[in-house]
A.B. asks: 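Quick one: structure below, then a few questions.
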Amino acid sequence: MYIKMKTAEISLSVVMPVYNEQENIMFAIDQIMLKCKNFKKAKLIVINDGSNDDANKKLIDLSIKYFNLTVLKNNRNVGVAKSLRYGFF
C-alpha cells in the first residue's frame, strides 16, 4: 500500500563522516542543508574522523550557521564504519 505524504511531514537525519575534507566540506554541507529545508525536522550529524587539516574549524563555523548541524569528532582516524556508528548512537 502506498501512502502519499507531503515532504513537510517527514523527518530526516543525515549522518556523514569526513576525513581531511577542508576543500569540500562547506559546499557539501550547504548543499545538504539546502535540500533539507523542506523537511519538517531535518538534522545533519557530521563526524570528523581525526582530520589533519582545517576541516574541524570549518565544521565548527558551519555549526554556528546551521542550528540543526551537530559536529562530533574522533580523536584519531578510525574509519567510515566506526565513525558512522558513533554518529548513529
Side-chain angles (χ1 to χ4, degrees):
M1 181 172 159
Y2 176 73
I3 299 173
K4 187 174 181 180
M5 296 182 72
K6 295 180 182 176
T7 307
E9 298 171 354
I10 300 172
S11 298
L12 175 71
S13 296
V14 178
V15 180
M16 182 173 89
V18 298
Y19 179 73
N20 290 345
E21 290 291 338
Q22 73 177 5
E23 300 297 324
N24 305 310
I25 196 68
M26 295 184 89
F27 178 76
I29 289 177
D30 285 339
Q31 290 300 305
I32 291 169
M33 291 302 189
L34 182 66
K35 302 295 183 194
C36 290
K37 71 180 182 180
N38 296 327
F39 291 92
K40 180 179 180 183
K41 290 184 191 176
K43 65 180 176 179
L44 173 59
I45 301 166
V46 179
I47 304 96
N48 178 357
D49 191 20
S51 294
N52 300 329
D53 60 5
D54 285 334
N56 203 59
K57 181 183 179 306
K58 291 185 178 191
L59 288 170
I60 291 168
D61 292 343
L62 286 165
S63 70
I64 294 167
K65 180 178 177 181
Y66 298 112
F67 71 93
N68 53 344
L69 171 63
T70 301
V71 177
L72 304 174
K73 183 179 179 195
N74 294 332
N75 291 328
R76 61 184 178 84
N77 182 268
V78 296
V80 173
K82 285 187 179 179
S83 293
L84 284 171
R85 185 177 302 156
Y86 181 43
F88 281 110
F89 300 106

A.B. asks: After noting the C-alpha distance and the side-chain angles of Leu59 and Val18, does the key distance pass the side chain to side chain contact (heavy atoms under 4.5 Å, CB included) rule?
C.D. replies: CA-CA 10 Å; Leu59 288 170; Val18 298; 4.0 Å; yes
A.B. asks: Restricting to non-hydrogen atoms, name the atom on Leu69 and the atom on Met33 that form the minimum distance, rounded to 0.1 Å.
C.D. replies: CB-CE, 3.8 Å
A.B. asks: Treat each ILVMFWY residue as a node, draw an edge where side-chain heavy atoms are under 4.5 Å apart, and state whether Phe88 and Val80 are in one component.
C.D. replies: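 Yes; Val80 is reachable from Phe88 via cluster members.
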A.B. asks: Calculate, to the nearest 0.5 Å, the distance between atoms OG and CD1 belonging to Ser63 and Ile29 respectively.
C.D. replies: 9.0 Å
A.B. asks: Tell me the closest heavy-atom pair linking Lys43 and Ser13, and the distance in Å.
C.D. replies: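 Reported closest heavy-atom pair: CE-OG, 3.1 Å.
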A.B. asks: Under the side chain to side chain donor-acceptor pair (under 3.5 Å) test, which residues partner Asp30, sequence neighbours left out?
C.D. replies: Lys65, Tyr66
A.B. asks: Would you say that Asn56 contacts Ser51 through its side chain, given a criterion of any heavy-atom pair below 4.5 Å between the two side chains?
C.D. replies: no
A.B. asks: If you define the side chain from C-beta out and look only at heavy atoms, does anything of Asp53 sit under 4.5 Å from Lys58?
C.D. replies: no
A.B. asks: Say you draw a straight line from CG of Asn77 to CG of Asn48; how long is it, rounded to the nearest 0.5 Å?
C.D. replies: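 Spacing of CG (Asn77) from CG (Asn48) equals 9.5 Å.
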A.B. asks: Side-chain contact, heavy-atom cut-off 4.5 Å: Lys73 with Val71?
C.D. replies: no
A.B. asks: Where do Val78 and Ser83 come nearest, in terms of heavy atoms and distance?
C.D. replies: CG2-OG, 3.8 Å
A.B. asks: How close do Asn68 and Ala42 get, counting heavy atoms only, and between which atoms?
C.D. replies: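 Closest approach of Asn68 to Ala42: ND2-O, 2.9 Å.
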A.B. asks: Going from CD1 on Ile45 to OG1 on Thr70, what distance comes out if it is rounded to the nearest 0.5 angstrom?
C.D. replies: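 One gets 5.5 Å once the value is rounded to the nearest 0.5 Å.
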A.B. asks: State the CD1-NZ distance between Ile47 and Lys82, to the nearest 0.5 angstrom.
C.D. replies: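 Here the interatomic distance stands at 14.5 Å.
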A.B. asks: Test your reading of the model: is there a side-chain donor-acceptor pair from Asn20 to the backbone of Asn52, 3.5 Å cut-off?
C.D. replies: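 Checked: pair present.
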A.B. asks: Which heavy atom of Gly87 sits nearest a heavy atom of Val15, and at what distance?
C.D. replies: CA-CG1, 4.0 Å
A.B. asks: If every non-hydrogen atom of Asp49 is compared with every non-hydrogen atom of Tyr19, which pair is closest and at what distance?
C.D. replies: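 That closest heavy-atom pairing would be O-CD1, 3.1 Å.
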